[in-house]
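The structure under discussion appears below in the form of structure tokens.
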Amino acid sequence: MTNYTDMLAAFGIGSAHPGGFKKSIAMIMDMNIDERSIVLDCGCGTGQTSAYIKQQFDCEMIALECHPLMIKKAQQRFTDSLLSIDLHQASIEAIPLKPSYVDYALTESVLSFVSSDHALAELYRVLKKSGKLYLNELVCFAPLSADERLVLQNAYGFTSLFSQDQWIDRLTKAGFSTIETMEMYTAESMQNDETDKGNDMRPSESIHSHFYEKMHQHQSLMANYKDKIGHIIIKASKTAM
């Protein structure tokens, strides 16, 4: 069976996360980044967000990605743009950084594919006492049946399908505080937004037909579940404000 992440890597879609790059920029602009900041991008994909932050603020930028083709394309992007970014092939569940190291950490469509509890514990560990976490992740707007959950898990490899309340509960249990939902948007609203689609792609020279089939399956599922799932943007602090 074709893996969803393999498909994204083959097409080299820079803004693979729903909401596209403009949602990334909205999160970044909410951060108080300057040249002294240390920023961690977990699951950086082809490196679009990491490159933007480095170009805009010239801060210490650290990027993590576990998919070998994604990390190859990210490294090529950074090299082509002459950007000094600390790129690691590593999992968000085992971040190769010392404790209390980064000022800001962000994830974009990452936590639903891993053990969210382990990942949030790692993010809490590497953030400074004053650090902040920004998430742009999958959220359920309505209860899903067991069969619906199975369809989505088989299609995407999701390990979790959380509601807004469940995300807040997971963050609270990981130790985060001052948890704020910045935005929630359904799959339908994302499909209707044409302003940020296909503007950053690094496709492989040869793309097998089964990746096109996987893309078609994704589009069909988004149409079928248009009002039941979507994405949520949350920011949380390591310590109470």
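Computed from a predicted model, the values in this text were never measured in an experiment. Note: hydrogens, waters and symmetry copies are ignored here, and every other heavy atom, side chains too, is used.
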Handout entry: Side-chain heavy-atom pair Asp147, Val151 within 4.5 angstrom cut-off
Key = no
Practice task
Would you confirm whether Thr239, through its side chain, and Ser130, through its main-chain N or O, come within 3.5 Å as a donor-acceptor pair?
Solution key: no
Practice task
For the pair Glu137 (side chain) and Ile232 (backbone), establish whether a donor and an acceptor sit closer than 3.5 Å, ignoring hydrogens and angles.
Solution key: no
Handout entry: Smallest separation among heavy atoms of Ala236 and Leu171, with atom names
Key = CB-CD2, 4.5 Å
Handout entry: Inter-residue atom distance Ser100.OG - Arg125.CZ, 0.5 Å rounding
Key = 9.0 Å
Handout entry: Exam field: side chain Thr181 to backbone Ile234, donor-acceptor pair closer than 3.5 Å
Key = no
Fill in the blank from the handout: dist Lys23:NZ -> Ile28:CD1 (nearest 0.5 Å) comes out at 13.5 Å
Handout entry: Minimum heavy-atom distance Ser37-Asn32, with the two atoms named
Key = OG-O, 4.0 Å
Handout entry: Those residues that, when tested against Lys235, pass side chain to side chain donor-acceptor pair (under 3.5 Å) (two or more places apart)
Key = Asp30
Practice task
Say whether, by atom type as modelled, one donor and one acceptor occur between the side chain of Trp167 and the main chain of Ile233 under 3.5 angstrom.
Solution key: no
Practice task
Mind checking the CG-NZ spacing from Leu127 to Lys132? Nearest 0.5 Å is all I need.
Solution key: 10.0 Å
Problem - Side-chain heavy atoms of Leu120 within contact of Lys173, under 4.5 Å - result: no
Completion exercise
Between Ala63 and Ser50 the two heavy atoms that sit nearest each other are CB-OG, 3.5 Å
Problem - Test item: Tyr101 and Glu60 side chains (from C-beta on) under 4.5 Å apart, heavy atoms - result: yes
Exercise for the section: Can you tell me which residue pairs pass the ring pair (Phe, Tyr, Trp, His ring centres under 6.0 Å) test with a partner in residues 121-155, sequence neighbours excluded? Expected result: Tyr124-Phe176
Problem - Expected output: side-chain Thr107 to main-chain Leu135 donor-acceptor under 3.5 Å - result: no
Problem - Atom NZ of Lys72: over 12 foreign heavy atoms under 6.0 Å - result: no
Practice task
Verify, without hydrogens or angle tests, whether Glu65 (side chain) and Met70 (backbone) share a donor-acceptor contact under 3.5 angstrom.
Solution key: no
Donor-acceptor pairs under 3.5 Å, side chain of residues 87-99 to any protein atom, not counting sequence neighbours: which ones?
unit_1: His88; atom_1: NE2; unit_2: Asp86; atom_2: OD1; d: 3.2
unit_1: His88; atom_1: NE2; unit_2: Asp86; atom_2: OD2; d: 3.1
unit_1: Ser91; atom_1: OG; unit_2: Glu93; atom_2: N; d: 3.0

Fill in the blank from the handout: d(Leu106 CG, Leu133 CG) to nearest 0.5 Å is 8.5 Å
Fill in the blank from the handout: Here the gap from His231 atom NE2 to Asn136 atom CG, rounded to the nearest 0.5 Å, amounts to 6.0 Å
Exercise for the section: Find out if a path of hydrophobic residues (ILVMFWY) with successive side-chain heavy-atom gaps under 4.5 Å connects Phe162 to Met184. Expected result: yes
Exercise for the section: Tell me, with the steps shown, if Lys226 and Thr186 meet side chain to side chain contact (heavy atoms under 4.5 Å, CB included). Expected result: CA-CA 6 Å; Lys226 62 184 180 180; Thr186 64; over 6 Å; no
Exercise for the section: Locate the shortest heavy-atom distance separating Pro68 from Ile71; write the atom from each residue and the value. Expected result: O-CG2, 3.2 Å
Exercise for the section: Verify the distance criterion only: is there a donor paired with an acceptor across the side chains of Ser24 and Glu108 at less than 3.5 Å? Expected result: yes
Problem - Side-chain donor/acceptor of Asp103 to backbone N/O of Val39, under 3.5 Å - result: no
Exercise for the section: Kindly say whether Met61 contributes a backbone atom to a donor-acceptor pair with the side chain of Lys54 at under 3.5 angstrom? Expected result: no
Practice task
Give, for atom CG of Leu111 and atom CG of Asp117, the distance between the pair rounded to the nearest 0.5 Å.
Solution key: 10.0 Å
Practice task
Any chance you could lay out the side chain to side chain contact (heavy atoms under 4.5 Å, CB included) test for Gln48 and Arg77, step after step, and finish with the verdict?
Solution key: CA-CA 8 Å; Gln48 185 184 29; Arg77 181 196 295 273; 3.8 Å; yes
